[in-house]
Amino acid sequence: MISVEEARNIIHAQAPEWGEERVLLHESIGRVLAQPVVADRDFPPFHRVTMDGVAIRYEDFKRGERNFKVVGTQYAGEESRAVSNPGECLEIMTGAMLDASCDVIVRYEDVTFEDKSDGKWAHISDEEVFRFKNVHQQGSDQQTGEVLVESGAQIHTGIVAILATVGQEQVTVRRLPKVAVVSTGDELVEVGDTPQAYQIRKSNVTMIVASLMRQGIACQAFHLNDRVEELVRELPGLLEAHDVLLLSGGVSKGKADYLPEVLESLGVQKEFHRVAQRPGKPFWFGSYGEKAVFAFPGNPISTLMCFQVYCLPWIHQQAGVPNLGLTAVLMENFVFKPDLGYFLQVSVSHEGGQCRATPVQGNGSGDLATLAKVDGFIYLPAGQMVYGKGDVFPYYPLGL
Ligand SMILES: Nc1nc2c(c(=O)[nH]1)N[C@H]1C(S)=C(S)[C@@H](COP(=O)(O)OP(=O)(O)OC[C@H]3O[C@@H](n4cnc5c(N)ncnc54)[C@H](O)[C@@H]3O)O[C@H]1N2
Ligand code: MOO
Ligand SMILES: [Mg+2]
């Protein structure tokens, strides 16, 4: 049996090339850029007015001029208007393009207007005037051709704004895998069905599909009964059509636990079977060329833990998504005697800049009702019996 760390290393050594794809900008958050984002224009693209007020020439102000004749008004979205003579000004709005004939904006707060027989005049009371005051100068942030976002960055809300500004309605991102999520077991019925006394509804595949869909990972649920012929008949097609196969159930020691044998007979290379951990000891993992096969132990908490702890971080790493490396502080002493890595179900609170984890007592890996109180798992490594209050452990939140 291998350790948790060895299992993780073996999984992460599987490094398929999933390529790239184009996605709509609106659907790009969380995806990883497979292209740099380049400025198609200067940022800002023109001398952008930053305060509503009047546009004057610094030269006039320096000469001692404080009264300016208003020769027009310019709004954002209009072509720039010039002042032609010394001592003239324009009323101008935030976001407007400043003409080369002006170089200072005086805020309305620092201007008083007077209507005279020869027109409207502006008196300026701002004494701290300098060239390009209240002007966001063209190209002062970035210039045309500069790389604004490097390839490999994960797209967040702010990067969407940058992509929109440079006119990318679609964006090239790292492709995510196409995943088949397969429940196995004769006792399972659909979520919408009424089970017989000896049946249960399919919770495992449902939670996995929901989690993958939330992350924009294309997936489809399938079901196979505990029959060798059915497994042998259906699995090759599923392997061909997908990048990753996630199976739940059928990997332990029971008389209907055929998966390890069948997968090997189909040419899937067993990378490991059984990990020194609780829950999820019977976890099986294999490879088929570039494809990965995760066969999770069927108990709901085991499937959930193995999916969250091993599978999702691996998909993220392959897709270039940074690993958050979260940790949590254990809030009470916890005793676990077997020499196994333990994934402890916890509830967490965030206080004083810390993520604080309190153990949640459940009835083992079949007790999924307890998940209502659980926020995630913390990983207590093998090789000790008492895990101390105040110690910090890796934390795997649910729901990502
Ligand atoms: N003699 C031994 N028996 C068992 C061992 C062992 O080491 N020796 N390991 C136990 C552990 S630990 C686990 S975990 C389970 C793993 O079982 P399998 O992977 O073979 O899964 P199944 O036998 O098919 O089912 C187990 C359990 O999980 C329920 N299940 C399965 N799929 C789903 C699903 N999609 N949704 C909801 N629930 C599901 C299934 O009904 C069973 O109750 O083996 C122990 N036995
Ligand atoms: O190891 Mo099993 O996965 O506890 O139920
Ligand atoms: Mg079994």
Side-chain angles (χ1 to χ4, degrees), residues 1-4 7 179-212 219-228 230-231 234-235 238 245-264 268 270 272-286 293-311 336-345 360-372 374 377 379-380 382 396 398:
M1 198 156 51
I2 61 168
S3 69
V4 167
V179 181
V181 187
V182 189
S183 50
T184 70
D186 294 352
E187 73 280 26
L188 300 170
V189 300
E190 296 300 331
V191 173
D193 289 348
T194 305
Q196 299 291 337
Y198 49 85
Q199 293 177 321
I200 56 161
R201 298 191 180 95
K202 293 174 186 172
S203 57
N204 289 354
V205 290
T206 310
M207 70 185 169
I208 292 175
V209 166
S211 170
L212 294 173
C219 59
Q220 206 182 328
F222 299 89
H223 180 78
L224 298 173
N225 289 309
D226 293 327
R227 306 269 178 288
V228 171
E230 185 169 333
L231 297 171
E234 301 298 332
L235 283 169
L238 292 175
L245 219 57
L246 307 183
L247 298 136
S248 139
V251 295
S252 186
K253 297 199 184 288
K255 284 191 160 177
D257 291 337
Y258 303 122
L259 271 182
E261 223 174 287
V262 168
L263 285 166
E264 280 199 79
V268 180
K270 178 180 93 174
F272 62 74
H273 188 194
R274 284 187 272 278
V275 180
Q277 62 183 6
R278 186 175 296 165
K281 190 154 132 193
F283 180 23
W284 190 99
F285 176 75
V293 180
F294 292 77
F296 304 128
N299 274 326
I301 311 302
S302 306
T303 292
L304 176 60
M305 184 286 280
C306 291
F307 172 69
Q308 292 281 153
V309 168
Y310 294 100
C311 177
F336 179 68
K337 291 184 178 156
D339 190 20
L340 299 169
Y342 192 60
F343 289 90
L344 173 66
Q345 297 177 71
V360 174
Q361 180 65 43
N363 287 324
S365 60
D367 170 16
L368 76 160
T370 292
L371 289 174
V374 172
F377 297 95
Y379 171 52
L380 310 179
Y396 299 89
L398 301 183

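Just so you know, these numbers use all the heavy atoms, side chains as well, and skip hydrogens, waters and symmetry mates. Remember, predicted model here, so these are calculated numbers, not experimental data. In each ligand, atom 1 is the first atom listed, and ligand 1 is the first ligand listed.
Below 4.0 Å from some heavy atom of G280 lie the following atoms of ligand 2, by number and element: 1 (O), 2 (Mo), 3 (O), 4 (O). Per-residue contacts place K281 under 4.0 angstrom from the following atoms of ligand 2 (heavy atoms of the residue considered): 1 (O), 3 (O). Within the listing of ligand 1, atoms 14 (S) sit less than 4.0 angstrom from a heavy atom of S302. Remark: ligand 2 atoms within the under-4.0 Å shell around heavy atoms of S302 are 2 (Mo), 3 (O), 4 (O), 5 (O).
When only interatomic distances are considered, the shortest N/O to N/O separation between N204 and ligand 1 falls below 3.5 Å. At under 3.5 Å, a nitrogen or oxygen of G298, whether backbone or side chain, sits near a nitrogen or oxygen of ligand 1. Between N299 and ligand 2, at least one N/O pair is under 3.5 Å apart.
Using a non-hydrogen distance threshold of 4.0 Å, G185 does not register as a contact of ligand 1. Heavy-atom separations between G250 and ligand 1 include at least one value shorter than 4.0 Å. Using a non-hydrogen distance threshold of 4.0 Å, P279 does not register as a contact of ligand 1. At a 4.0 Å cut-off, at least one heavy atom of S248 sits close enough to ligand 1 to count as contact.
Within the model, atoms CE of M207 and CG of L368 stand 8.0 Å from one another, a figure rounded to the nearest 0.5 Å. Separating the CG atom in L238 from the CD atom in E234 is a distance of 7.0 Å, to the nearest 0.5 Å. Interatomic distance, L247 CG to N204 CG, rounded to the nearest 0.5 Å: 11.5 Å.
At least one donor-acceptor pair closer than 3.5 Å links the side chain of D257 to the backbone N or O of K253.
When the options N299, I200, L188, D257 are ranked by their closest heavy atom to atom 14 (S) of ligand 1, first place goes to N299. The nearest non-hydrogen atom to atom 1 (N) of ligand 1, considering only Q199, K253, H223, K202, comes from K253. Ranked by closest heavy atom to atom 44 (O) of ligand 1, the top entry among S252, G249, S365 is S252.
Nearest protein heavy-atom contact of atom 5 (O) of ligand 2 is S365 OG, 2.1 Å. The protein atom (non-hydrogen) at minimum distance from atom 12 (S) of ligand 1 is P282 CD, 3.9 Å. At the top of the distance list for atom 40 (C) of ligand 1, counting protein heavy atoms only, stands E187 OE2, 3.0 Å. Nearest non-hydrogen protein atom to atom 37 (C) of ligand 1 is S203 OG, 3.2 Å.
Salt-bridge formation is detected for the pair E190/K202: a Lys NZ or Arg NE/NH1/NH2 atom is positioned less than 4.0 Å from an Asp or Glu carboxylate oxygen.
The shortest non-hydrogen separation linking H223 to S183 is ND1-OG, 2.7 Å.
In this structure, Y396 has its ring center no closer than 6.0 Å to that of Y379. Within the 6.0 Å centre-distance limit, the rings of F336 and Y342 are counted as a close aromatic pair. Checked against a 6.0 Å centroid threshold, the rings of F285 and Y310 do not count as neighbours.
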- Worked check of side-chain contact (heavy atoms from CB on, under 4.5 Å) between F343 and V309: CA-CA 9 Å; F343 289 90; V309 168; 3.6 Å; yes
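Looking at heavy atoms from C-beta onward, L246 lies in side-chain contact with C311 at the 4.5 angstrom threshold.
At a heavy-atom cutoff of 4.0 Å, ligand 1 is contacted by no atom of K281, backbone or side chain.
By the 30° and 60° cut-offs, the orientation of the rings of F283 relative to F294 is parallel.
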